[in-house]
Participant: 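Mind having a look at this structure? Questions to follow.
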Amino acid sequence: MTDTLAPALVRSAPPGKPRRRAPGNVRCIVKHAVLILCALVMLYPILWMIVSSLRPEDVIFRDPSLILRDLETGNYAEGWGAFADPFSHYLINSTIVVAGAIIGNLVACSMAAYAFARLEFSGKRLWFGIMLVTIMLPVHVIIVPQYVLFSQFGWVNTFLPLILPKFLATDAFFVFLMVQFIRGIPRELDEAARIDGAGHPRIFAQIILPLMVPALATTAIFTFIWTWNDFFSQLIYLTDPDMYTVPLALRAFVDTQAGTNWGATLAMSVVSLLPVFLLFLFGQRFLLRGIATTGGK
Amino acid sequence: MSATTELRALRGRGVTGKPENKAAFLFLLPWFLGLFVITLGPMAASLFLSFTDYNLLQPARFSGLDNFTRVLGDERLHQSLKVTFTYVLVSVPLQLALALGLALLLDRGLRGLAFYRSAFYLPSLIGGSVAIAVLWRTVFGADGLFNQGLALIGIDGPGWISEPGTALGTLIVLNVWTFGSPMVIFLAGLRQIPRMYYEAASVDGASRSRQFRSVTLPLLTPIIFFNLVLQIIHAFQSFTQAFVVSSGTGGPADSTLFYSLYLYQRGFGAFDMGYASALAWLLLLIIGAFTAINFWASKYWVFYDD
């Protein structure tokens with residue numbers, strides 16, 4: 001309602017006094033100057049990393065500028081082959097973990113969200129409260145026994161401890177995100193389907209799921225970025241270098257080289273961030289909507 | 001509506017209509033399994049383990065309150081608490097202040113909004129990654145980018161990462177750098193404030209600063225509260241950056257020994273699982289206490305317009 005009222009009010013508001021124009025323009029220029037400066041400071045390290053990855057080793061620590069005098073692509077070739085396995089091996093491992101996590105989150109979280117948003121059941125408020133609290137639960141409290149459990153299954157150095165929990169909707173953040181989204185879908189659609197004889201599985205699969213594609217996209221993109229960047233649980237469950245994901249390989253490389261091969265290190269860091277950059281470029285809309293509704297990272 | 005307002009609203013709403021327990025149970029089956037097998041079960045187990053001496057190889061041996069008395073005399077733990085509290089109490093307010101300040105600058109149909117928003121938001125997407133921690137190591141090293149910059153204005157900077165006095169500072173800067181996601185939440189909150197409030201205020205002759213104090217700020221307090229709760233919880237659990245920057249040691253001289261890093265060293269370095277479980281529960285209590293204080297204090301400063 002306020003949205004429709006606001007323009008009318010703005011239009012009927014008295015026009016601004018002309019003498020306030022000039023200071024307004026100065027204000028605007030100052031504002032943009034501040035913002036551009038901030039943006040530059042924020043992005044400088046990232047841009048410098050990309051430029052430095054294309055520089056010869058000895059220039060990296062001499063040249064703070066972003067000007068590329070001679071292009072050196074050797075860092076990439078060198079970094080790609082400098083690990084125990086070719087870097088593609090770690091990219092594939094990370095991709096497997098990420099793909100599993102995305103599928104798990106999409107299936108399990110959407111089911112739970114449908115129940116919380118559309119079904120009435122005993123203890124609903126309690127369960128919903130528990131779900132909200134688990135969003136804020138630190139992973140450390142469960143990691144030790146969880147490790148004991150999974151190691152008894154013989155799952156250490158497999159991707160299962162990283163993927164299976166996602167099929168059990170343990171990323172409650174996404175359940176909440178989807179609940180919020182489903183609440184915005186008109187209930188009349190469900191009721192019309194029910195009158196036509198559809199049960200909950202059909203309403204869920206044929207009405208709700210197709211309508212909640214934006215929420216699913218947000219979930220998929222966030223799951224990708226978080227799992228791709230995840231370090232703590234991968235560090236704990238994957239100790240065999242053959243099973244290393246990108247962050248683990250990168251960290252091992254930095255530690256063994258102890259700062260001798262920064263060109264290659266920065267090059268592989270750029271490679272490891274590339275998928276996130278691309279997702280950011282193409283999926284920004286969904287990311288912004290996701291954090292705006294639920295406040296993720 | 002954010003998770004914090006949602007939690008607040010849970011009081012007093014009952015189940016209406018007829019229950020559909022069977023269907024609900026089926027839809028929630030994966031979530032229930034996860035809740036009990038992956039979350040609550042291990043939580044209970046770690047509570048039990050915190051009263052034992054356990055190293056994975058031999059069965060857990062009950063040791064009473066040993067782990068908790070050990071907490072009192074463990075100097076590295078006290079150091080890690082100091083480091084973590086400093087980190088949380090310095091970086092979170094700075095991060096939120098920047099987020100709010102820039103959100104206010106960006107509000108109201110500014111030209112180039114989308115570009116600025118992206119530029120500020122990108123770091124928070126990648127700030128937790130190993131690659132950025134590696135970058136920080138390079139930038140704040142003795143001859144890194146930061147010192148090269150300082151050299152241009154004639155300052156000879158120290159090796160920020162390798163000095164015990166400055167290493168934590170670089171990690172605080174890193175966390176402040178990721179102010180983009182709370183900023184986006186502030187932007188969404190600002191957009192929720194009905195324009196007619198401002199119109200009414202300016203008809204009444206309120207100045208811009210008065211409008212900010214009497215309209216913007218009160219209506220934004222739920223968002224500030226939400227960001228505060230979330231960022232504190234998040235900052236208490238920081239791990240990756242300190243681990244990568246210090247090669248897993250928490251050094252130099254334990255100056256970047258985050259709580260979770262120390263917990264990792266005890267549990268997965270020394271396989272001192274009983275003690276690590278006790279530390280985990282202590283962390284939960286600390287975070288819980290901070291959150292509870294936050295919720296309690298919110299009565300006095302958070303304004304709900306409903």
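Naming convention: chains lettered A, B, ... in sequence-line order (proteins, then strands); numbering from 1 in each chain. Note that this is a predicted model, so its numbers are computed, not measured.
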Participant: Look at the side chain of B/Thr240 and the backbone N and O of A/Phe231, then say whether any donor-acceptor pair between them is shorter than 3.5 Å.
Facilitator: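 No, B/Thr240 side chain to A/Phe231 backbone: no donor-acceptor pair under 3.5 Å.
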Participant: Distance check, rounded to the nearest 0.5 Å: B/Ile38 atom CD1 versus A/Thr134 atom OG1?
Facilitator: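 Result: 12.5 Å between the selected atoms.
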Participant: Which residue out of B/Leu33, B/Val244, B/Thr138 racks up the most heavy-atom pairs below 4.5 Å with chain A?
Facilitator: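 Option with the top pair count is B/Thr138.
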Participant: Of the backbone (N, CA, C, O) and the side chain (C-beta and beyond), which part of A/Cys38 lies under 4.5 Å from a heavy atom of chain B, both, or neither?
Facilitator: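 A/Cys38 touches chain B through backbone and side-chain heavy atoms alike.
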Participant: Shorter than 4.5 Å, heavy atoms on both sides: which option in B/Leu110, B/Val139, B/Leu187 has the most such pairs with chain A?
Facilitator: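 Answer, by heavy-atom pair count under 4.5 Å with chain A: B/Leu110.
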Participant: Which region of B/Tyr259, side chain (C-beta onward) or backbone (N, CA, C, O), has a non-hydrogen atom less than 4.5 Å from a non-hydrogen atom of chain A, or is it both or neither?
Facilitator: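 For B/Tyr259, no heavy atom lies under 4.5 Å from chain A.
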Participant: If you measure from OG on B/Ser46 to CD1 on A/Ile142, what distance do you get to the nearest 0.5 Å?
Facilitator: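 Between B/Ser46 OG and A/Ile142 CD1, I get 8.5 Å after rounding to 0.5 Å.
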Participant: Answer yes or no: is there a side-chain heavy-atom contact under 4.5 Å between A/Met111 and B/Leu29?
Facilitator: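 When only atoms from C-beta onward are counted, B/Leu29 and A/Met111 do not touch, as no gap falls below 4.5 Å.
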Participant: With respect to chain A, which residue among B/Ala280, B/Ala24, B/Ala23 yields the maximal number of heavy-atom pairs within a distance under 4.5 Å?
Facilitator: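 Greatest number of close heavy-atom pairs with chain A: B/Ala24.
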Participant: Would you say the side chain of B/Leu145 lies within less than 4.5 Å of the side chain of A/Ile60, judging by non-hydrogen atoms?
Facilitator: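 Counting from C-beta outward, A/Ile60 and B/Leu145 never come under 4.5 Å.
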Participant: In sequence, state the C-alpha distance, the side-chain angles, and the governing distance for A/Tyr147 and B/Phe268, and then conclude on ring-ring contact (aromatic ring centres under 6.0 Å, His included).
Facilitator: CA-CA 10 Å; A/Tyr147 180 84; B/Phe268 297 93; 5.1 Å; yes
Participant: Show, in sequence, the C-alpha distance, side-chain angles and deciding distance for B/Val134 and A/Thr265, and conclude whether the side-chain contact (heavy atoms from CB on, under 4.5 Å) test is met.
Facilitator: CA-CA 8 Å; B/Val134 169; A/Thr265 308; 3.6 Å; yes
Participant: If I measure from the heavy atoms of chain A, does B/Leu56 come under 4.5 Å with its side chain, its backbone, both, or neither?
Facilitator: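 The side chain, not the backbone.
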Participant: Quick check against the 3.5 Å criterion: does A/Asn229 have a side-chain atom that pairs as donor or acceptor with the backbone of B/Ala131?
Facilitator: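 Such a contact is absent between A/Asn229 side chain and B/Ala131 backbone.
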Participant: Is B/Leu263 in contact with chain A via its backbone, its side chain, both, or neither, using a 4.5 Å heavy-atom distance?
Facilitator: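 The side chain, not the backbone.
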Participant: Residues in side chain to side chain donor-acceptor pair (under 3.5 Å) with A/Arg202, at least two apart?
Facilitator: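 In terms of side chain to side chain donor-acceptor pair (under 3.5 Å), with neighbours along the sequence ignored, A/Arg202 is linked to A/Gln206.
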Participant: Would a distance-only check, ignoring hydrogens and angles, find a side-chain to backbone donor-acceptor pair under 3.5 Å from B/Trp177 to A/Met42?
Facilitator: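 Looks like yes, one N/O pair under 3.5 Å.
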Participant: Any side-chain heavy atom of A/Pro138 sitting closer than 4.5 Å to one from B/Leu284?
Facilitator: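 They are in contact (side-chain heavy atoms under 4.5 Å apart), so the answer is yes.
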Participant: Please state whether the side chain, the backbone, both or neither of A/Ile36 comes within less than 4.5 Å of a heavy atom of chain B.
Facilitator: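 Both backbone and side chain of A/Ile36 come within 4.5 Å of chain B.
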Participant: What's the separation between atom OG in A/Ser269 and atom CD1 in B/Ile132, rounded to the nearest 0.5 Å?
Facilitator: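 So the gap between those two atoms works out to 8.0 Å.
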Participant: Name the orientation class of the two ring planes belonging to B/Trp31 and A/Trp127 (parallel below 30°, tilted from 30 to 60°, perpendicular beyond 60°).
Facilitator: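 B/Trp31 and A/Trp127: perpendicular rings.
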Participant: Where the side chain of B/Glu20 meets the backbone of A/Glu120, is there a donor-acceptor pair that is under 3.5 Å apart?
Facilitator: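 Such a contact is found between B/Glu20 side chain and A/Glu120 backbone.
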Participant: For B/Ser50, is it the side chain, the backbone, both or neither that has a heavy atom under 4.5 Å from a heavy atom of chain A?
Facilitator: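 Neither the backbone nor the side chain of B/Ser50 comes within 4.5 Å of chain A.
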Participant: Would you mind checking which part of A/Gln284 comes under 4.5 Å of any heavy atom in chain B, side chain (CB onward), backbone (N, CA, C, O), both or neither?
Facilitator: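 The side chain, not the backbone.
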Participant: Could you measure the distance from the CZ atom of A/Phe121 to the CZ atom of B/Phe27? Nearest 0.5 Å is fine.
Facilitator: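 CZ of B/Phe27 is found 11.5 Å from CZ of A/Phe121.
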Participant: Determine whether more than 12 heavy atoms belonging to other residues, nucleotides or ligands lie under 6.0 Å from atom NZ of B/Lys22.
Facilitator: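 At most 12 heavy atoms, drawn from other residues, nucleotides or ligands, come within 6.0 Å of this atom.
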Participant: Heavy-atom distance under 4.5 Å to chain B: side chain of A/Tyr114, backbone, both or neither?
Facilitator: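 Side chain only.
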Participant: Counting only non-hydrogen atoms closer than 4.5 Å, does B/Leu26 touch chain A with its backbone (N, CA, C, O), its side chain (CB onward), both, or neither?
Facilitator: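 Just its backbone gets close to chain A.
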Participant: B/Asn21 side chain to A/Ser122 main-chain N or O, any donor-acceptor pair under 3.5 Å?
Facilitator: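 Here the side-chain-to-backbone pair exists.
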Participant: Among the options A/Asp230, A/Val107, A/Leu235, pick out the one with the most heavy-atom pairs lying under 4.5 Å from chain B.
Facilitator: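 The option with the most such pairs is A/Leu235.
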Participant: Can you label the angle between the B/Tyr116 ring and the A/His32 ring as parallel, tilted or perpendicular, going by 30° and 60°?
Facilitator: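 Rings of B/Tyr116 and A/His32: tilted, as their planes differ by 30° to 60°.
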Participant: For B/Thr291, check side chain to side chain donor-acceptor pair (under 3.5 Å) against everything at least two apart and list the hits.
Facilitator: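 With sequence neighbours excluded, B/Thr291 shows a side chain to side chain donor-acceptor pair (under 3.5 Å) to no residue whatsoever.
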Participant: Going from CZ on A/Phe232 to CG on B/Leu261, what distance comes out if it is rounded to the nearest 0.5 angstrom?
Facilitator: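 Interatomic distance, A/Phe232 CZ to B/Leu261 CG, rounded to 0.5 Å: 9.5 Å.
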